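First the structure, in the form of structure tokens, and then the observations on it.
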Amino acid sequence: MSLVTTPDAKKNDSVACRTKIVATLGPASSDYATIRDLALAGADVFRFNFSHGTHADHASRHALVRQVEHELGRPIGILADMQGPKLRVGRFENGRIVLAAGAPFRFDLSDALGDATRVQLPHPEIIKVATPGSRLLMDDGKLSVIVEHTGPDWLETRVETGGPLSDHKGVNVPDVALPIPALTEKDKVDLAYALELGVDYIALSFVQRPEDLVQARALVGERAALLAKLEKPQAVDNLAAILELSDAVMVARGDLGVELPPESVPLIQKRIIREARRLGKPVVVATQMLESMISAPTPTRAEASDVAAAVFDGADAVMLSAESAAGQYPRQAVQIMNRILWRVEQDAGWQAHMAAARMAPEDYVADAIASAVQQVAATLHAPAIVAYTHRGATALRIARERPTCPVLGVTPTAQAARRLALVWGVRAFVSAPHTLSTTVEQMVADALDVVGRAQVGAPGDSVVIAAGVPFGVSGSTNLLRVAKIP
């Protein structure tokens, strides 16, 4: 079996962290040199935000990422983030008003310019489901009103928290599930284009219910992995079903923090990570992680602690948004994020925490093998685990065990390798497709070749290998071997 890609290190000029970094591309990071710098600094996956930019912009970035991937010789994932429904008020006669606490205020469907007493709410779905007592939040939660009376095309509210309100500010409705699909018509066009480009993950915004994932899966199929962004209270209520239907999830703390009390968000983050890890689904923690670095060369101490907390929680990846997309210091943001991850992962307390949080294997062969692989690797102080994985499931299951050594995921497709770029502790290699005639002896030889290319271990060290027989059959993991590096 000949290797097609031969990465010599996970992060080239950066240290190899187990926790992955997702970096958003944008105006500050759309040229080849910057994208390459971000990859060298530690970025594993690049996020394309379809809320901004044209299809031509995304196509250009896609080509540059693939060029960087080819040059660096390691798989890089691309995540296309769909905009989702954007709920906004209409326009005001003078561009803005000031809402006074305690004053009445009306929302309706009329497209007439608003004033101090009313404004258009061009979303009949909200008016339909709102009831007396429902709360509407505006401008990222800075303003709030309570619904007092409802009509067929209007809501009469009382201002709870006042302040300035200007044209097209966002609206959040935390108290009710809105009858709005997660994919808008714009999203469907963007989704088709992203799939045509060949992205690895589709991020679905505004997920509220399992049906949102079913609709998206019907459009995506197996052409990309499906990542559910958890940013609505209703998504948290339906967490188990959403996790079952998605390939990965994101803790989108920005919108969660608007619609839920701030003190609830850290606990919800822990719950989501715990449940996702139990199912072996990658989980990304996002929003405001190093936000001060949009305009400053270093983060605050609180931000560094926040990133460290996500690592202690067991997140597969942490994400940079405006820090890398529009900030003044995109490379420094990735570098510092990588340094924080590395420092936490060297801590004995973190290592003990990961071991204590390890889950009991489930009652089937592949999970038993994954658990045993971790135990054998720890007992033998193995420098690496080699996981032969057709579509990534074996590597995911082993990564769920949070082993103390890197997992070298060997897969026959670039698509599977790029998806594994998001998975904790996995370094992916693309191999030629398995054949039924491949022998165990050849598999061991190929595994040791991968270990050599990854530059881990020394002669005499034991390497643990997981695979399935017959070779090349997805979901057949049933073999564990130990081999010594010659």
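The figures that follow rest on heavy atoms only: side chains count, while hydrogens, waters and symmetry mates do not. Bear in mind that the values here come from a model prediction, so they are computed numbers and not experimental data.
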> Does atom CZ of Arg343 have more than 12 heavy-atom neighbours from other groups under 6.0 Å away?
Replying inline: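 No - once you tally the heavy atoms of other residues, nucleotides and ligands closer than 6.0 Å, there are 12 at most.
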> Would you find more than 12 non-hydrogen atoms of other residues, nucleotides or ligands less than 6.0 Å from Arg209 atom CZ?
Replying inline: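 Counting other residues, nucleotides and ligands, CZ of Arg209 exceeds 12 neighbours.
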Tell me yes or no: between the side chains of [X] and [Y], is some donor less than 3.5 Å from an acceptor?
{"X": "Gln374", "Y": "Arg402", "value": "no"}
{"X": "Gln83", "Y": "Ser205", "value": "no"}
{"X": "Asp187", "Y": "Thr184", "value": "yes"}
{"X": "Gln442", "Y": "Asp446", "value": "yes"}
{"X": "Asp31", "Y": "Thr34", "value": "yes"}

Quick one: does any side-chain atom of [X] pair with a main-chain N or O of [Y] as donor and acceptor, under 3.5 Å?
{"X": "Asp461", "Y": "Ala458", "result": "yes"}
{"X": "Arg419", "Y": "Gly392", "result": "no"}
{"X": "Glu345", "Y": "Thr19", "result": "yes"}

Side-chain donor-acceptor contacts of residues 167-174 below 3.5 Å, not counting sequence neighbours, with atom names and distances?
unit_1 : atom_1 : unit_2 : atom_2 : d
Asp167 : OD1    : Phe92  : N      : 2.7
Asn172 : ND2    : Glu259 : OE2    : 2.9

> Is any side-chain heavy atom of Ile385 less than 4.5 Å from a side-chain heavy atom of Cys405?
Replying inline: yes
> Got a sec, which residues hit ring-ring contact (aromatic ring centres under 6.0 Å, His included) with Tyr201, two or more places apart in sequence or on another chain?
Replying inline: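 Scan of Tyr201 (ring-ring contact (aromatic ring centres under 6.0 Å, His included), adjacent residues dropped) gives none.
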> What side-chain hydrogen bond (donor to acceptor under 3.5 Å, both in side chains) pairs are there with at least one residue in residues 239-256, not counting sequence neighbours?
Replying inline: Arg217-Asp247, Arg253-Gln269, Arg253-Asp306
> Centres of the Phe50 and His58 rings: under 6.0 Å?
Replying inline: yes
